[in-house]
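Everything below concerns the one structure shown next.
Order of the sequence lines fixes the chain letters, A, B, ..., with proteins taken first and strands second; residue numbering starts at 1 for each chain.
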Amino acid sequence: MSTIDIDRLEMRFGNFTALKDISVSVKEGEFVTLLGPSGCGKTTLLKLISGFLKPTNGTIKIANEDVTLTPPEHRDTALCFQSYALFPHLTIKDNIEFGLKQKRVNGSERKQRLQDMAGQLALDAQLDKLPNQLSGGQQQRVALGRALIMRPGVILFDEPLSNLDAKLRDSVRVEIRRIQQENNLTAVYVTHDQSEALAMSDRVMVLNGGVIEQVAPPETLYNAPSTSFVADFIGGANIMNAEVTGETEPGVWALQTPIGEMVSKSDRTPAAKHIKVCWRPEAVKLVDSPVNSFTARVTERQFQGSYTDLFVDIGGNGYRLKTSDPGIYPGENINCSIEPSDLILLEAIQ
Amino acid sequence: MKQATINKILMYSLITVCAVWLIIPFTMAVLWSLVDPVEPWTADKLLPPVMSTYRWAYMWENSSLRPALFNSYVLAPSAAIVTLLLASPTAYALGRIQFPGREVAKLITLLPLVVPGFVTAIFFSSIIFQLGLHAWRFGAILFAHSVILMPYAIRIMTVSFEQVRQDHIDAARDLGATTIERWKVAYMPALKPGIMAALLIVFIQSIEEFAIAFIVGSPSFVTVPTLLFSTLGQDFVRPNAAVLALILIVPNVIMMLILERLLKSANPSLSSGKG
């Protein structure tokens with residue numbers, strides 16, 4: 001249960017800048033996810049926090065202690081590897097106890113902690129087996145147990161679910177979150193799966209090209225993305241260019257967009273005159289309204305069960321809508337509207 | 001023709017080839033070593049007319065077989081260990097460190113195997129004489145064997161080092177393991193089969209090596225191969241040669257079987273990469 005404070009961190013490999021100007025603080029017991037596409041620098045950041053890499057610039061503090069140059073074996077962190085990295089020739093018991101033995105924790109305490117951990121992770125029956133005799137989900141739990149038994153100040157996860165099948169992934173995800181909350185662990189979790197990030201995290205940090213796009217709780221990230229990258233990466237969005245024509249009343253902005261004149265209600269002040277705006281496919285209401293209404297022609301329909309995806313054409317541009325009404329077919333013209341608060345102001349157009 | 005028939009034909013052909021290549025020479029050697037001197041084994045007889053262990057006793061009593069066995073069986077394990085120790089740093093570098101020209105370096109370490117053994121032996125021994133190392137013949141041969149057999153050990157150990165998984169090393173480190181502990185838990189399990197294989201191959205090569213042992217060692221330092229080759233000279237006695245040949249082969253076969261066992265019992269998950 002430690003805090004993490006990262007200040008102006010930079011990581012360069014030769015001429016390649018993997019991370020630039022990363023500053024973020026993680027509170028005690030907080031679950032923060034690093035989310036981004038492959039190559040965005042999320043694993044590099046995790047390696048910097050765990051100590052396997054030394055940053056080019058900047059500092060990392062764990063529990064207010066500067067650990068920027070401390071090697072991993074002396075850091076109060078425990079890492080869960082994507083590949084689990086269980087020692088194949090050691091039994092589950094020896095794998096879980098490995099870290100305690102390195103720390104020369106005495107036998108009786110080791111036994112006690114092992115029992116607790118095996119109970120918590122339902123591994124009691126597996127302790128004398130070898131890793132390759134266990135299923136993927138069980139191996140994952142052993143990896144988790146091996147890290148947790150150290151009672152680390154910070155627990156780090158490197159895409160721990162990517163080797164599991166979809167069904168198992170959901171249950172292990174619930175389990176990781178439960179254990180993290182029960183033990184009040186400070187956790188940093190790397191993933192490229194946005195639904196994993198939204199479901200598990202207290203806060204999500206979206207990385208793109210080595211820079212932070214946004215750090216926010218999942219709800220904020222979804223409802224008020226600050227950049228078009230975040231809007232598109234989390235949940236999908238219709239992104240348009242817009243020109244800010246004025247402020248009609250405090251917090252309400254008039255916009256000129258490719259689908260007509262619109263208004264947006266936002267706490268944010270537009271970053272420039274020409275900005276990007278977005279709206280979620282499911283934010284659209286299929287009713288007329290005095291503001292923000294437009295007519296769309298349906299070009300394609302995909303029935304998904306609980307909802308239907310509609311691909312529509314508005315003034316020559318393609319957009320996507322989600323509706324609960326399955327009775328709309330290609331060729332129809334529909335009247336739509338968007339609440340002003342559902343039209344989200346994004347970054348300035350470069 | 002049916003698949004099964006083809007399989008059967010191929011199977012029997014293979015067995016025949018194996019028999020011709022292995023079983024017949026081996027049987028012949030055994031039979032020849034048992035020929036009793038009272039009656040020679042002539043071409044018109046399928047088996048030796050009189051069989052006894054006379055030749056074995058004779059060779060044991062009347063040749064340098066005893067010192068030769070002692071020399072060979074001290075030399076070969078020493079050469080195996082020294083070669084492994086000398087090869088390991090290079091293998092570590094080739095297997096685990098990224099540097100430009102690594103693939104070329106790997107190839108170059110194998111080049112000595114291209115040159116025929118005798119050519120290397122003649123010039124290598126001249127270097128040993130120039131360096132004045134020949135005074136201690138055992139040491140000189142040990143040194144020469146270690147150097148010449150190093151490509152095998154480097155090659156095997158490079159592959160072994162490549163198979164050590166970085167995430168195992170990192171996991172051990174993350175859990176607080178010291179350098180020694182990291183070696184024990186992450187490197188050794190993956191290296192063990194390679195170490196056994198390298199030791200065994202160098203052992204066998206060294207125990208069978210003739211050229212260097214002969215040029216550097218003769219006449220005072222005999223090994224089993226130099227003894228064997230000398231019996232092939234002008235006073236060639238086939239039964240005596242058969243005894244020596246068998247003495248040379250038998251331990252190798254036993255060692256091969258031991259290695260096979262060791263490799264099979266090694267943790268299968270290490271080679272499959274799972275777990």
Checklist entry - Do other residues, nucleotides or ligands put more than 12 heavy atoms under 6.0 Å from the CD1 atom of B:Ile180? => result no
Checklist entry - What do you reckon, is CZ of B:Phe70 surrounded by more than 12 foreign heavy atoms closer than 6.0 Å? => result no
Item to check | B:Lys8 NZ: over 12 foreign heavy atoms closer than 6.0 Å | outcome: no
Item to check | chain B interface, residue from A:Gly51, A:Ser50, A:Ala78, A:Ala147 that has the most non-hydrogen pairs under 4.5 Å | outcome: A:Ala78
Checklist entry - Just how far is it from atom CZ of A:Phe81 to atom CD of B:Gln166, taken to the nearest 0.5 Å? => result 9.0 Å
Checklist entry - For A:Phe13, does the CZ atom sit with more than 12 other heavy atoms under 6.0 Å from it, leaving out its own atoms? => result yes
Checklist outcome for this item: Interface check, chain A: of B:Ile169, B:Thr178, B:Asp174, most non-hydrogen pairs under 4.5 Å belong to B:Asp174
Item to check | Atom CD of A:Gln181: over 12 foreign heavy atoms under 6.0 Å | outcome: yes
Item to check | Residue pair B:Leu175, A:Lys103: steps toward the side-chain contact (heavy atoms from CB on, under 4.5 Å) verdict | outcome: CA-CA 9 Å; B:Leu175 293 164; A:Lys103 270 189 152 183; over 6 Å; no
Checklist outcome for this item: Of all heavy-atom pairs linking A:Pro88 and B:His168, the shortest is CD-CE1, 3.5 Å
Checklist entry - Between atom CG of B:Asp167 and atom CG of A:Leu86, what is the distance when rounded to the nearest 0.5 Å? => result 9.5 Å
Next on the checklist: Please find the pair of heavy atoms, one from A:Gln102 and one from B:Ala177, that lie closest to each other, and give the distance.
Outcome noted: OE1-CA, 3.5 Å
Item to check | More than 12 heavy atoms of other groups within 6.0 Å of B:Lys106 NZ | outcome: yes
Checklist outcome for this item: Nearest heavy-atom approach of A:Phe98 to B:Ala172 is CE2-CA, 3.9 Å
Checklist entry - Are the charged groups of A:Glu73 and B:Arg182 less than 4.0 angstrom apart, N to O? => result yes
Next on the checklist: Need one label for A:Arg146: side chain, backbone, both or neither, based on atoms under 4.5 Å from any heavy atom in chain B.
Outcome noted: both
Checklist entry - Taking everything shown except B:Lys192 itself, do over 12 heavy atoms lie less than 6.0 Å from its NZ? => result no
